[in-house]
Amino acid sequence: MKDIAAELGVSVSTVSLVLNNRDQGRVNSAVAQRIRDRAEELGYVPNLLARGLKTKRSHTLGLLADRVATVPFAGPMLAGAQRAAWEEGFLLLVIDTGGDRRLDTPATQSLLQRDVEALVVAADFHREVVVPPVPASVPTVVLDGWPDDPDSADGVVPDEVGGATAATEHLIAAGHRRIAMIGVAGDTYVAARLRRAGYENALRGAGIQPDPDLQVEAPDPSSRSAVPAAEALLTRPTRPTAIFCFSDQIALTVSQVASHHGLRIPEDLSLVGFDNQQYVADAMIPGLTTVQLPHDAMGEWAARRVIARIRGETDDAPVVERIPCGLVERSTVAPPAADPSAPIERTAP
């Protein structure tokens with residue numbers, strides 16, 4: 001600042017006002033522009049660490065991730081949080097623990113030692129999250145989950161029930177009545193229970209009684225594990241005319257098993273997935289109709305929520321926000337075949 005002041009014949013305080021964007025109405029606009037131009041030529045950037053010592057503000061958010069950076073379709077959570085932080089004048093500092101819970105506390109301490117003003121704890125899938133201990137002055141939000149202590153942090157999750165309801169209603173609107181669901185067994189995935197609830201809500205809302213024989217489960221959401229479940233549904237004497245799948249990967253398996261049995265999608269079998277996973281839903285032939293997990297919107301909400309708390313713009317009690325899951329229509333849904341109970345013509349393996 002002294003160099004620019006001496007070179008342009010102005011005071012150091014004038015240069016300071018301009019470089020701190022406090023020159024409006026106080027410094028001649030032409031002079032201010034000359035100062036900015038010369039600062040740019042010299043490669044000047046404000047020292048935010050030094051400024052933070054005075055203002056007690058770092059304008060930095062910490063994000064503690066649990067494999068989020070490596071899960072293919074969860075990356076948009078980081079993108080949404082980063083974009084929102086940047087637009088609000090904050091930097092997002094990310095540490096991914098790779099699922100090692102032993103790293104949660106030291107990683108959180110590392111972020112706090114760098115004066116982050118708030119903490120975002122991002123889960124690798126929708127679930128309850130144990131929030132690491134942080135000072136009460138540090139706003140915290142759980143991304144894609146809810147805190148184990150409801151008074152400790154905000155949370156943001158996808159509306160799993162609403163997404164599954166929309167998917168099933170889409171099949172009903174196409175004329176289907178025998179709609180099956182392939183879910184996921186066990187208690188690991190809370191989404192399995194919620195998506196099943198949405199599926200059954202949609203059926204009952206249309207006057208269709210859920211049939212237990214049309215509800216099967218895979219051990220996990222992966223493609224390989226879903227083969228027995230798909231076989232069980234597609235080799236029934238009266239097979240379903242449509243299947244709603246817990247995940248796009250399961251839907252991919254159903255498509256392959258259907259093809260093996262000589263069934264065409266969507267002419268003989270309609271199919272809807274969940275996740276809108278890139279390189280799965282959009283790469284299938286035909287393209288998979290599915291439900292979009294709102295990862296980007298959840299990341300944005302999380303960042304804006306803690307920033308609002310930093311600024312004192314809200315002092316509401318912690319909440320768990322539910323973000324809508326939109327239906328993505330492609331080409332795997334059509335009206336049911338005229339005779340859905342026709343025998344299956346098997347092809348050679």
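Numbering of residues begins at 1 and proceeds along the displayed sequence.
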When you compare the side chains of His261 and Glu231, does any donor N or O come within less than 3.5 Å of an acceptor on the partner? yes

Is the backbone N or O of Leu17 less than 3.5 Å from a side-chain atom of Asn20, with the two atoms forming a donor-acceptor pair by type? no

Side chains of Arg309 and Thr314: closer than 4.5 Å at any heavy-atom pair? yes

Basic-acidic side-chain contact under 4.0 Å: Arg127, Asp66: yes

Residues Ala251 and Leu271: closest non-hydrogen pair is O-CD2, 3.3 Å

Starting from the C-alpha separation in whole Å, work towards a yes-or-no answer on salt bridge (Lys or Arg N to Asp or Glu O under 4.0 Å) for Asp275 and Arg195. CA-CA 12 Å; Asp275 294 339; Arg195 293 176 191 180; 3.7 Å; yes

Can you pull out every salt bridge (Lys or Arg N to Asp or Glu O under 4.0 Å) where at least one residue sits in residues 162-174? Sequence neighbours excluded, please. none

For Pro324, which residues count as a side chain to side chain contact (heavy atoms under 4.5 Å, CB included) partner, sequence neighbours excluded? none

Of all pairs that satisfy side-chain hydrogen bond (donor to acceptor under 3.5 Å, both in side chains), the ones with a partner from residues 94-104, not counting sequence neighbours: Asp100-Arg102, Arg101-Asp104

Would you say the side-chain atoms of Arg177 pair up with the backbone N or O of Thr241, donor to acceptor, closer than 3.5 Å? no

Reference residue Val141; test side-chain contact (heavy atoms from CB on, under 4.5 Å); the match among Val121, Leu119, Asp154, Val131: Asp154

Check the hydrophobic clustering (I, L, V, M, F, W, Y; side-chain heavy atoms under 4.5 Å; chains of links allowed) and say if Leu143 and Val319 are grouped together. yes

Going through the checks in order, is the side-chain contact (heavy atoms from CB on, under 4.5 Å) test met by Ile243 and Leu233? CA-CA 9 Å; Ile243 301 178; Leu233 287 175; 4.0 Å; yes

Under a 3.5 Å threshold, yes or no: a donor from one side chain and an acceptor from the other, between Ser16 and Ser13? no

When rounded to the nearest 0.5 angstrom, what distance separates NE2 in His126 from CE in Met298? 8.5 Å

Backbone N/O of Gln249 and side chain of Ser223: donor-acceptor pair under 3.5 Å: yes

Donor + acceptor pair across side chains of Thr14, Ser11 (<3.5 Å): yes

Quiz question: by atom type and distance under 3.5 Å, do the side chains of His176 and Ser270 form a donor-acceptor pair? yes

Residues in side-chain hydrogen bond (donor to acceptor under 3.5 Å, both in side chains) with Asn201, at least two apart? none

Using ring centroids (six-membered ring only for Trp), state whether Phe125 and Tyr189 fall under 6.0 Å. yes

Is the shortest distance from a Lys or Arg side-chain nitrogen in Asp23 or Arg36 to a carboxylate oxygen in the other one below 4.0 Å? yes

Does Ser58 reach the main-chain N or O of Asp115 with its side chain, forming a donor-acceptor pair under 3.5 Å? yes

Is it true that the side chains of Asn276 and Gln292 contain a donor and an acceptor less than 3.5 Å apart? yes

Tell me which donor-acceptor pairs under 3.5 Å the side chains of residues 24-34 have, and how far apart each pair is, sequence neighbours excluded?
unit_1	atom_1	unit_2	atom_2	d
Asn28	OD1	Ala30	N	2.9
Asn28	OD1	Val31	N	3.2
Gln33	NE2	Asp37	OD1	2.8

Going by heavy atoms in the side chains, are Val129 and Pro147 under 4.5 Å from each other? no

Residues at least two apart in sequence or cross-chain that pass salt bridge (Lys or Arg N to Asp or Glu O under 4.0 Å) with Asp220, listed by chain then number, are none

Taking Glu321 first and then Arg305, would you say they form a salt bridge - that is, a charged N and a carboxylate O separated by under 4.0 Å? no

Answer yes or no: is there an ion pair linking Arg322 with Asp144, defined by an N-O contact shorter than 4.0 Å? no

Classify the ring geometry of Phe244 against Tyr199: parallel below 30°, tilted from 30° to 60°, perpendicular beyond 60°. parallel

Distance-minimising heavy-atom pair for Arg38 and Glu7: NE-OE2, 2.8 Å

Over all atoms of both residues, closest heavy-atom pair of Thr165 and Ala202: O-CB, 3.7 Å

Salt bridge or not between Arg304 and Glu300? Use side-chain N to carboxylate O under 4.0 Å. yes

